[in-house]
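Read the structure below first, then the notes.
Every chain is numbered from 1 and lettered A, B, ... according to where its sequence line falls, protein lines coming before strand lines.
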Amino acid sequence: MIRDLVRTRIEEALQRLAREGLAAAASFPSPEVSDTRQPEHGDYASNVALLNAKAAGMPPRILAERIAEALAEAPEFEAVEVAGPGFLNFRLKPESVASFVAEALRRGDGLPRSRHEEPQRINVEFVSVNPNGPITVGSGRGAAFGSALCNVLEAAGHTVHREYYINDGVNSEQMRLFAESVRSLALGEPLPDKGYKGDYVQAVADRISEMLSRPLAEAIDGLRTALAGEIDPWERRTLERRLATLLRVEERRAASADAAGCIRELSTEDLKLLCETLMIERQRSDLADFGVRFDTWFSEQSLHDAGEVERCLQRLIDAGIADTEPYQTVLKLGKNGEVLESQRVEQATGDDEDDGAPQGEAVQPTLWLRSTRFGDDKDRVLRRRDGRLTYIASDLAYHLDKFNRPSQADRLVTVLGPDHHGYIGRLTAVVAALLRKPDGEDADREALEEARRRLQVVIFQIVRFVKEGKPAPMRKRDGNIYALIDLIEELGRTMAPEESPERQKEVGKDLARFFYLMRSHDTHMDFDIDLATRRSDENPVFYVQYAHARVCSVLRKAEEAGFHAPLQPEPSELALLAHPKELALVKKIADLPHEVRRCAEDFGVHRLTTYAVELARLYHAFYDTCRVIQPEEPALTRARLSLCAAAALGLRRALGLLGVSAPERM
RNA sequence: GCGCCUGUAGCUCAACGGAUAGAGCAACGGCCUUCUAAGCCGUUGGUUGCGGGUUCGAAUCCCGCCGGGCGCGCCA
């Protein structure tokens with residue numbers, strides 16, 4: 001807000017210079033307004049003269065002085081100085097700074113919002129783990145990052161759609177194995193080879209046994225009711241499939257002597273769907289406890305059911321992007337994606353390769369996606385020799401669907417874990433293949449560029465959990481995994497042993513989210529559980545939350561003393577805020593929209609945690625120096641109360657974007 | 001072998017290409033008869049892994065080394 005004011009004044013000054021004959025000034029890029037490190041450099045600085053000296057054809061200091069002269073009439077500045085090699089240093093009048101308290105209060109909950117020049121519809125896909133286990137602490141980082149990113153993009157003026165992709169394709173061997181493992185556990189029989197084990201698998205088995213011990217009427221009615229309502233086509237397909245399965249299961253159940261008998265006779269397909277449904281339910285519940293919600297839980301299988309995948313493949317075959325010629329192109333790519341070496345690998349025709357495909361069942365030739373035409377380093381298989389489709393085939397249909405929905409996305413953001421960076425190339429190629437226009441000299445290259453503009457794959461790096469100074473294992477030997485919900489509950493129990501389980505979960509959620517978000521998503525981070533559970537100076541979450549609780553306490557005390565924080569404070573009273581600690585606090589509060597805009601641009605959501613800590617520090621410092629409630633100074637008291645209200649707002653909204661609660665008492 | 005990420009204070013990390021590289025913790029010293037001391041104030045701490053280059057200016061961009069993490073299936 002204040003920064004925008006300074007920028008506007010500079011732009012006005014440049015316009016003036018342009019009119020006065022310095023033509024180049026009209027085409028300077030929008031000037032940057034940065035913080036100053038030393039107080040003697042004023043409140044803000046700009047390097048506009050340094051950057052544009054060449055274009056203006058004069059030394060930076062001379063240009064800076066010209067701009068400073070043109071700025072002389074701006075009413076908000078106490079001084080505009082030229083310093084160093086050509087910086088412009090701005091010193092604002094205290095009352096100009098203080099007046100932004102009123103602006104912040106006027107914005108209210110919309111404080112972080114910044115007007116975006118080109119608001120977009122952005123589809124953000126994140127978490128998207130397989131439905132064969134709970135959300136782990138590893139995926140927790142993606143969940144925290146993705147959800148905070150969505151909040152930030154929204155605050156920056158975009159329309160955001162939060163999406164979870166369920167890998168429930170019927171061809172998935174993993175899911176079949178998962179279903180068979182559950183069957184064994186439910187029946188008390190030995191697990192299949194390499195079967196899933198662990199408490200959560202047993203929990204699914206127990207739930208299914210329990211479910212099948214009585215009629216499924218309730219679940220079936222529930223699905224019918226949902227289907228009677230207005231729902232998206234993809235969701236309708238998913239629910240219809242689930243209903244058909246439940247009806248088959250119910251028939252089998254009614255004919256069986258007991259739950260065990262029923263489970264023994266269920267087809268793998270039907271059992272798999274029951275397992276998935278339960279697992280997804282648990283994921284959804286765990287994520288909700290983590291403060292993460294999705295607009296869409298998209299089922300991969302629903303694409304197959306509707307024939308979308310086959311349609312998509314046919315389209316690519318017709319366009320000549322996919323074919324069954326028996327070769328694979330393999331490229332060696334340079335740093336900037338240029339092709340260093342191209343190799344055509346003829347496909348072996350024999351069945352001597354041990355690739356897991358059923359021997360002697362090669363009923364059709366391999367279908368290739370010629371993804372090397374779109375920057376990928378090798379062509380990818382769409383349909384295997386045994387006729388089964390690969391997940392890339394589903395990915396094609398899925399991305400096409402994302403673009404084609406009624407809510408059409410301008411941009412797709414996909415957040416993936418550290419073991420997925422190999423996907424960037426092929427996903428980009430997939431999108432390029434879809435976006436390719438049928439004609440044009442350079443259709444492939446243009447499609448690739450378009451894909452790079454419209455699909456952004458964000459990889460977050462690995463997170464290591466440290467306890468008692470040692471890395472904590474993410475997977476225990478007995479097959480149990482470190483679930484996100486376990487972390488939340490462990491943190492909550494340790495920090496708030498006397499509280500209710502719900503409250504404990506919220507405490508754990510706040511701690512976990514803040515810690516995940518403190519580090520840039522592309523650095524490897526250590527999550528120090530001991531530090532997170534320390535209730536002391538070392539814990540930044542409490543530091544920030546305490547600042548908020550403290551403000552609220554002051555506001556309550558003021559009410560008791562008969563003072564109300566004015567929502568529309570008088571400029572003359574705000575002008576009483578002239579103490580450096582007061583002004584520093586105002587500047588930081590007013591900076592939230594700028595911070596949000598930056599985070600939305602480069603996805604550096606972690607900077608918001610730094611911002612929150614800095615804002616809290618400035619409030620604590622202000623609180624310590626400037627007594628708020630002073631009955632003998634009613635005007636100053638009102639001004640400071642307005643500042644307190646604005647500080648509470650800034651803290652609450654910054655924490656809100658991070659998905660962390662702002663308690664009014666601690 | 002190739003690719004992605006990364007290397008900043010004792011530790012964990014910040015720093016739109018900007019001025020003297022900053023916080024927190026740890027260590028040391030102060031501050032509660034007044035609004036929440038889960039707080040504040042101060043001191044100490046650096047060859048930004050190494051070497052080149054680009055420019056008015058580099059922790060940041062480019063090249064080359066060195067170290068760490070992860071990934072490179074007709075698995076998902």
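Closest to the K378(A) side chain, of the nucleotides U36(B), C72(B), U34(B), is C72(B). For Y391(A), the side-chain atoms get nearest to A76(B) when compared with the rest of A76(B), U12(B), C74(B). Across A76(B), G18(B), C70(B), the shortest atom-to-atom separation from the side chain of Q174(A) is found for A76(B). Nearest nucleotide to the side chain of R627(A), out of C74(B), G69(B), U34(B): U34(B). With distances taken from any side-chain atom of H421(A) to the nucleotides C56(B), C74(B), C4(B), the minimum falls on C4(B). When distances are taken from the side chain of S553(A) to each of C35(B), A23(B), A14(B), the shortest belongs to C35(B). Taking every side-chain heavy atom of A83(A) into account, A19(B) is the closest of A19(B), A76(B), C74(B). Across U36(B), C40(B), C16(B), the shortest atom-to-atom separation from the side chain of E32(A) is found for C16(B). In this structure, the nucleotide among C16(B), U12(B), U36(B) sitting nearest to the side chain of R519(A) is U12(B). Nearest to the side-chain atoms of W368(A) among the listed nucleotides C40(B), A76(B), C74(B) stands C74(B).
Spacing of P atoms, G39(B) relative to G45(B), comes out at 25 Å, to the nearest Å. Nucleotides G24(B) and G57(B) have their C1' atoms positioned 30 Å apart, rounded to a whole Å. With C1' as the reference atom, U8(B) and G46(B) are 8 Å apart, rounded to whole Å. Rounded to a whole angstrom, the distance from the C1' atom of A14(B) to that of A23(B) is 7 Å. Here the separation of C62(B) from C25(B), taken at their C1' atoms, is 36 Å to the nearest Å. Comparing the C1' positions of A27(B) and C70(B) gives a spacing of 36 Å, expressed to the nearest Å. Rounded to whole Å, the separation between the C1' atoms of G51(B) and C56(B) comes to 24 Å. Separation of the P atoms belonging to U48(B) and U20(B) is 14 Å when rounded to the nearest angstrom.
Both geometric conditions, a ring-centre gap below 5.5 Å and a plane tilt below 30°, are fulfilled for F87(A) over the base of A19(B). With its ring centre under 5.5 Å from that of the base six-membered ring and a plane angle below 30°, H41(A) counts as stacked on A19(B).
Base-pair partner of C40(B): G30(B) (Watson-Crick or G-U wobble, both distances under 3.5 Å). Pair assignment for C35(B): none, as no Watson-Crick or G-U wobble contacts are both less than 3.5 Å. Pair assignment for A9(B): none, as no Watson-Crick or G-U wobble contacts are both less than 3.5 Å. Both distances falling under 3.5 Å, in either a Watson-Crick or a G-U wobble arrangement, place G51(B) opposite C63(B). Of the nucleotides present, G71(B) is the one that pairs with C2(B) by Watson-Crick or G-U wobble criteria, both distances under 3.5 Å. Pair check for G18(B) finds C56(B); Watson-Crick or G-U wobble, both atom distances under 3.5 Å. Across all strands shown, A76(B) remains unpaired; no Watson-Crick or G-U wobble contact has both distances below 3.5 Å.
Here Y611(A) lies out of heavy-atom contact (under 4.0 Å) with every strand. When heavy atoms are screened at a 4.0 angstrom cut-off, N167(A) is found touching the sugar-phosphate backbone but no base atom. When heavy atoms are screened at a 4.0 angstrom cut-off, R598(A) is found touching the sugar-phosphate backbone but no base atom.
The base of G68(B) is paired with the side chain of H524(A) by a donor and an acceptor separated by under 3.5 Å. Judged by distance alone with a 3.5 Å cut-off, a donor-acceptor contact links the side chain of N47(A) to the base of G18(B). Checked by distance alone, D419(A) brings no side-chain donor or acceptor within 3.5 Å of a matching partner on the base of A76(B). No donor-acceptor contact under 3.5 Å links the side chain of T390(A) to the base of C74(B).
When all heavy atoms of S371(A) and A429(A) are compared, the pair lying nearest together is CB-CB, 3.7 Å.
Under 4.0 Å is where a charged nitrogen must lie from a carboxylate oxygen, and between E559(A) and R556(A) no such pair does. Looking at D377(A) and R380(A), a side-chain N of the basic residue comes within less than 4.0 Å of a carboxylate O on the acidic one, giving a salt bridge.
Nucleotide C35(B) holds its P atom 11 Å from the OH atom of Y546(A), rounded to whole Å. Between L382(A) atom CG and C74(B) atom P there is a gap of 12 Å when expressed in whole angstrom units.
Taking the ring centroids of Y546(A) and Y543(A), they lie at or beyond the 6.0 Å cut-off. The six-membered or imidazole ring of H620(A) lies away from that of Y623(A), with a centre-to-centre distance of 6.0 Å or more. When ring centroids are compared, F126(A) and F145(A) stay outside the 6.0 Å threshold.
A parallel orientation is assigned to the rings of W297(A) and Y164(A), their planes being inclined by less than 30° (bins at 30° and 60°).
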